[in-house]
Asks: 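Sharing a structure here in structure tokens format.
In this text, all values refer to a predicted model and were calculated from it rather than measured experimentally. By convention in this document, chain letters (A, B, ...) are assigned in the order of the sequence lines, proteins followed by strands, and residues within each chain are numbered from 1.
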Amino acid sequence: MNWLLNLAIRTKLLLAFGLMLALIAVLIGGAYWGLNVIQQTQKTLFERDMVISMELVGLRAELNQQRSNILIMLLESQRVEQEALENKIINGEAGLDQRVASLTAQGRDEPTFVARLNDIKTTMGTYRQTRQQLTSMIYDGQIEQARELSTGIQRERFEKILRIALELDNEARQRGQAAILDSEHRLHAMMEVAAVLGLSALAAGLGMAFFLHRLIAVPLTAITGRAAQIAAGEIALAPTLAERRDEIGELDRQFNRMSTSLREKADLAQRIAAGDLRMEVTLQSDADALGESFATMVTSLRDLNQEIGDGVNVLAAAAAEILTGTSQVASGATETAAAMSETATTVEEIKQTATLSSQKAKAVADAARQAARIAQGGSQAVENTVEGMQHIREQMERIAESIVRLSEQGQAIGEIIATVNDLSEQSNLLAVNASIEAAKAGEQGKGFAVVAQEVKNLAGQSRQATAQVRAILGDIQKATGSAVLATEQGSKAVEAGVRQSREAGEAIRQLADSIDDSAQAASQIAVSAQQQLAGMDQLAEATANIRQATTQNLDSTRQTEAAAHNLNDLGQKLKVLVARYRV
Amino acid sequence: MNKSGHIDWDAVKQRVAAAGHLLEEEFAPSADTCRAIFEARARALAVEPAAEPGAGFDALEFTLAREHYAIDTTWVREVYPLREFTPLPGTPSFVLGIIHVRGRVVSVLDLKRFFDLAPIGLSDLNKVIVLANETMEFGILADSIVGVRRLLRAEVQESLPTLTGIRADYLLGITGRREVVLDARKLLSDPAIVVATGAGN
């Protein structure tokens, strides 16, 4: 049976179904052949024997018709009727010929039949000749003779034909019955053969089913059971089936391989679970998804382990840092508390300072107002100064006028001096003329010449005096000029004084303005100091809040410390856990 | 106003008062002062004039173009201050014009132009010296009149080599006091002037 087991399932199925199909084909072929034979027999029956029988029956009926028509003709006296009957007879004869020809065609295979049919044919020929005689006799009115002839020889011929026809009919019927009987025999034989073949096919099918069940279904069921076991998680390494090289055997082997692989994977998982991450996963094939997954998982687990280890270290460090931070926060909170108390003290000091600065600012404002009043007084004094300056300027103008008048009077003196000079000049000329006249007079004029000389001397003296006066006048003019200049300078100085006084007044006014501004600023400073006081109160409140917040901060820092401690413990535990994995 | 800024008004007032007093005294001299002046004058007049050393003539002394001139008074009618004159058209340039002297019309010559001296503008004190003889009468311009003085003939040196041109023709000589003595007679009888005046008349 090994060769059968080693066949492929396809071949097995092809063999089984081929056998079944061959059996069914033989069955169908036998049935078809039998039916064909039966049909042939039936056909022969219907096409020959039945047709022959029918034709013969029709022939006899025609003959009877002919006979009856002749007999009716005999009885008929009317010529017209006779002729009508004769036409019918002639037509019937044509029908008879046709039937005979048909019969000849049907029965041409059997020589006996043809011979006897020829006998009928000849008899019918004679009968037809006789009949023609008869008709002519009837027309001629020889009824009696015709009757004799008709009942005599013509009757014999008629009967002979009928007889032969009847015999032939019977023969045909017998032959048909024999054919039917033969068909029945064949049918029986065929049914038997079919029954035998059907039974054998059934037996073969059952055997095949059994075999196929044994060869395919049973091992498949076993493998299905294993698959179900694997599906249920049980990886049983069942003994392999008998050495089969068909698909079942292959399936079984692959199942075994799968189980082995799964067992290996399970062992791997077991080792991984045990903390051994050092193994290398061998892939069953390129498409070993589970193997790849395992490899990835191992790698990932290694990385994860590494990362967790790192993370644990970081966690430990972070916990340590948090601890350090919390201690720093705690010390910071203490420092903050100390600073807060200092701040509170400072705030108190600032408040006192603000009160003091407010008072000072008020004092400054008062002083500024006082200064503003003084500046007003100063401004008034400057106004008075300006008025005084104006007065001085008027006086200076008067002095200038006096000097100008003096100068004018000097000019008048000069004119007088000019007149005197002119007079002296004329006196001089007069003296000269007198001298000339005296010279002309000679000795008598000598005394006159002396007088003239004296006059001339006087004129010279008076000219000298006038020259002196003119010089003095020049000095006076110079003095008055310088006096006028001095007065002008004085006037300008007074102008400058007025201007400076005005500038001083302006300066004092600006001073007053700035003092006013200072007073306002001082008031604002006072208000600001008040606001500062309010702000300092708020600051004190804020300081208290900060102190409270610092206390809360300290509490939460303690909690943080505890949490950091827990974190540190957790990190240690994690470290132990991670250490269980051997990488 | 002095540097210290204070004025000693009392001192000023005293000085002004003293000046006014002096002024009054000057214009009204005391009798003693007048007598003293008069005595001094009388003493001066009483001095005997020096004896004349020789023959001489009275000369009118005057200045022209900063030079001193002298002219014999014999030919001088009178001295007259030049107040206004009327220029004459169509006359030589040395004829200044004509003036009116006590009812007579006298033509005036400018010797500066006549002698071709450097021209100097007229001064207020210009004088006219009226020269006359029996036939002629005209005036010459003078910057100022110094006076009448007796000149000795000996004093006058005849010729002077530095004097050239037309001026030399009308000179008598030059004195020791560097006075140019004009020859009035020559001037009066000069045909050029006569023709000129004649043409003017």
Asks: Can you tell me which portion of B/Phe57 sits under 4.5 Å from chain A's heavy atoms? Options are side chain, backbone, both or neither.
Replies: neither

Asks: With a 4.0 Å cut-off, would you call A/Glu425 and B/Lys127 a salt bridge?
Replies: yes

Asks: Atom CG in A/Asn428, atom CD1 in B/Ile145: separation rounded to 0.5 Å?
Replies: 8.5 Å

Asks: Taking salt bridge (charged side-chain N to carboxylate O under 4.0 Å, His left out) as the test, write out the residues that go with A/Arg509, two or more places apart.
Replies: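 For A/Arg509, the residues satisfying salt bridge (charged side-chain N to carboxylate O under 4.0 Å, His left out) (neighbours in sequence not counted) are A/Glu506, A/Asp513.
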
Asks: Counting only heavy atoms not in B/Glu39, do more than 12 fall under 6.0 Å of its CD?
Replies: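 Atom CD in B/Glu39 is crowded, with more than 12 foreign heavy atoms closer than 6.0 Å.
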
Asks: In terms of heavy-atom pairs under 4.5 Å with chain A, which of B/Val79, B/Leu60, B/Val76 leads?
Replies: B/Val79

Asks: Going from CG on A/Asn433 to CZ on B/Arg77, what distance comes out if it is rounded to the nearest 0.5 angstrom?
Replies: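 If I round to the nearest 0.5 Å, the distance is 11.5 Å.
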
Asks: For A/Lys492, does the NZ atom sit with more than 12 other heavy atoms under 6.0 Å from it, leaving out its own atoms?
Replies: no

Asks: Write out, in numerical order, the residues from residues 452-460 of chain A with a heavy atom short of 4.5 Å from a heavy atom in chain B.
Replies: A/Gln453, A/Glu454, A/Lys456, A/Leu458

Asks: Does B/Arg15 have more than 12 heavy atoms from other residues, nucleotides or ligands lying within 6.0 Å of its CZ?
Replies: no

Asks: Step through the shown structure and confirm whether more than 12 heavy atoms of other residues, nucleotides or ligands are within 6.0 Å of NE2 on A/His391.
Replies: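 No, NE2 of A/His391 has 12 or fewer neighbouring heavy atoms, counting only those of other groups under 6.0 Å.
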
Asks: Can you confirm whether A/Lys351 is buried at NZ, in the sense that more than 12 heavy atoms of other residues, nucleotides or ligands lie under 6.0 Å from that atom?
Replies: yes

Asks: Do you know which two heavy atoms are closest between A/Ala439 and B/Thr73, and how far apart they sit?
Replies: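 In terms of heavy atoms, the two residues are closest at CB-OG1, 3.8 Å.
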
Asks: Are there over 12 heavy-atom neighbours, none belonging to B/Arg185, within less than 6.0 Å of that residue's CZ?
Replies: no

